[in-house]
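Here's the structure we're looking at; comments come further down.
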Number of protein chains: 2
Amino acid sequence: MDELVDADEVLNARDRGKKRHRRQLLDATSEAIYLYGVRGATIDKIHEISGLSRGMISLHFQSKENLLKAVAKDLADEYTQNWQESVIASHEGEPVERLNSLIAADLSPAVLNERNIAIWFSFRAEVNSHPEYRHYVNSRDSEFRVALLGIFRGLISDDPDRDAEAKLATNTLTALLEGMWTDFHLNPKNFDRDEAQRACLYVARSFFPDNFEPQPPLDIQ
Amino acid sequence: MDELVDADEVLNARDRGKKRHRRQLLDATSEAIYLYGVRGATIDKIHEISGLSRGMISLHFQSKENLLKAVAKDLADEYTQNWQESVIASHEGEPVERLNSLIAADLSPAVLNERNIAIWFSFRAEVNSHPEYRHYVNSRDSEFRVALLGIFRGLISDDPDRDAEAKLATNTLTALLEGMWTDFHLNPKNFDRDEAQRACLYVARSFFPDNFEPQPPLDIQ
DNA sequence: CTAAAATGAATGACCGTTCATTCAAAGTCA
DNA sequence: TGACTTTGAATGAACGGTCATTCATTTTAG
């Protein structure tokens with residue numbers, strides 16, 4: 001995750017403290033963005049939430065802009081790690097099982113929670129004025145898409161004549177998942193993870209009706 | 001649209017000027033948010049873009065926060081007007097035609113353009129810290145959803161036993177459209193409106209395969 | 001003892017808001 | 001209609017507060 005310091009055990013007390021403070025700053029900044037918006041996430045607020053001195057931000061990140069960029073990277077890394085773990089866990093399974101697992105990862109509270117989503121939206125809001133954020137928050141750039149496409153190609157047994165279908169299904173499902181995130185962000189109390197999961201799987205199935213096991217009827221409560 | 005002044009012709013020169021300046025401030029603020037983010041959309045920048053004096057913001061909106069709120073309302077009103085016009089234009093048609101028209105409205109450049117979407121995202125980013133924005137940017141609160149549900153209920157001939165299906169389809173299609181907006185925001189250059197429209201219609205169809213005309217094969221370029 | 005980490009008061013830039021002043025249009029009356 | 005008064009829109013310099021950053025000093029681990 002962190003290129004500079006990989007393993008805690010090789011670090012002395014001083015470096016462990018430094019690493020811990022770095023993390024505290026990242027977490028406090030996330031919290032400040034969640035609570036007060038990017039506009040309200042001032043050095044003073046971060047200092048207040050973290051309990052660390054005001055000067056420590058410059059010490060660790062040189063500037064506040066650098067800190068914000070590090071928060072974006074941290075968020076993106078956390079997201080990637082989450083879905084990749086699900087890919088590893090299900091990599092022996094059938095495409096349908098892997099698909100189910102990947103969608104579940106994307107809707108999991110580990111990544112889809114109020115604080116994280118507020119921060120995604122904060123950075124996404126500024127991709128035009130701060131191009132350096134774009135790469136971290138762009139689902140098209142994400143390897144997630146590639147993983148999804150791989151599953152769909154598996155569903156059609158890599159038939160090159162149907163590759164366009166796999167790509168369209170990938171685009172559609174990515175968009176649907178993005179929309180679920182938006183719905184969660186705006187209506188966290190009403191959001192139903194299970195319904196979202198079922199809807200995504202249902203849509204994925206509808207693209208490849210012959211390649212799934214016989215389609216069960218829409219399971220509605 | 002504006003509760004205070006309805007028709008230009010009843011206004012004198014002074015009030016027309018006032019109305020024009022109000023609009024200039026809203027537009028300049030949108031532009032500033034698009035170019036510099038909410039953080040960078042300062043009074044100075046708005047003054048610079050609009051060519052109007054710094055003091056005019058307080059004069060028209062009392063405070064900058066009020067101005068931002070007015071921009072959010074303006075955006076929401078513009079959005080609502082756009083899809084409602086499409087509903088009026090197609091209200092005599094079959095459900096499928098109305099659905100097609102409603103989706104097209106949601107993907108139309110009139111609302112789905114880089115500046116507008118950047119502003120949607122900016123306000124959505126702050127719904128936790130600025131609850132007053134939520135109502136304007138929440139698709140669940142929107143009458144759009146109600147219109148969509150009405151169309152789906154038409155597709156199932158208002159069969160009460162299938163109402164849950166209509167609701168699920170409404171939620172799914174709303175999410176899909178939200179996701180299309182996100183994709184457009186992050187990748188405006190690669191975004192394909194026609195593909196998005198086809199994907200949405202395809203998903204809608206897949207919920208009610210028997211209620212559409214015989215399903216054509218996925219039309220892929 | 002040395003060197004790096006941590007501190008936080010000081011600094012200057014920039015923020016939104018205020019308000020005394022200017023200016024032009026609307027209203028009034030002969 | 002033309003001269004004068006009233007009204008309120010518009011201005012922008014000035015103000016106090018807040019921002020991110022700096023750096024001389026203190027603390028602490030090696």
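- One can place CG of B:L52 at 11 Å from P of D:dG12, the figure rounded to the nearest angstrom.
- Salt-bridge formation is not detected for the pair B:R198/B:D194: no Lys NZ or Arg NE/NH1/NH2 atom is positioned less than 4.0 Å from an Asp or Glu carboxylate oxygen.
- Once you apply a 4.0 Å limit to the heavy atoms of chain A, the touched nucleotides of DNA chain C run 5' to 3' over C:dA3 to C:dG8.
- Salt bridge A:R134/A:D141: absent, no basic N to carboxylate O contact under 4.0 Å.
- Between B:E65 and A:R39 there is a salt bridge, since at least one side-chain N of the basic residue sits less than 4.0 Å from a carboxylate O of the acidic one.
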For nucleotides 7-9 of chain D, list the nitrogen or oxygen atoms of the protein found under 3.5 Å from its nitrogen or oxygen atoms, one pair per line.
residue: D:dT7; atom: O2; partner: B:R14; partner atom: NH2; Å: 3.3
residue: D:dG8; atom: O4'; partner: B:R14; partner atom: NH1; Å: 3.2

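- The stretch residues 30-51 of chain B comes close to DNA chain C through B:T42, B:I43, each having a heavy atom under 4.0 Å from the strand.
- Per the geometry, CZ belonging to B:R54 stands 12 Å off C1' belonging to D:dC15, to the nearest Å.
- Electrostatic pairing of A:R23 and A:D27 counts as a salt bridge here, judged by a charged N lying under 4.0 Å from a carboxylate O.
- Side chain of A:Y202 to backbone of B:S206: a donor-acceptor contact under 3.5 angstrom is found.
- The ring of B:F121 has its center no closer than 6.0 angstrom to the ring center of B:W181.
- Side-chain atoms of A:S101 do not come within 3.5 Å of backbone N or O of A:E97 as any donor-acceptor pair.
- Ring-plane geometry between B:F144 and B:Y79 is classed as tilted, the angle between the planes lying from 30 to 60 degrees on a 0 to 90 degree scale.
- A:N128 and B:E114 form no side-chain donor-acceptor contact under 3.5 Å, judged by distance and modelled atom types alone.
- With hydrogens and angles ignored, the 3.5 Å screen pairs no side-chain donor or acceptor of A:E178 with any backbone N or O of B:L176.
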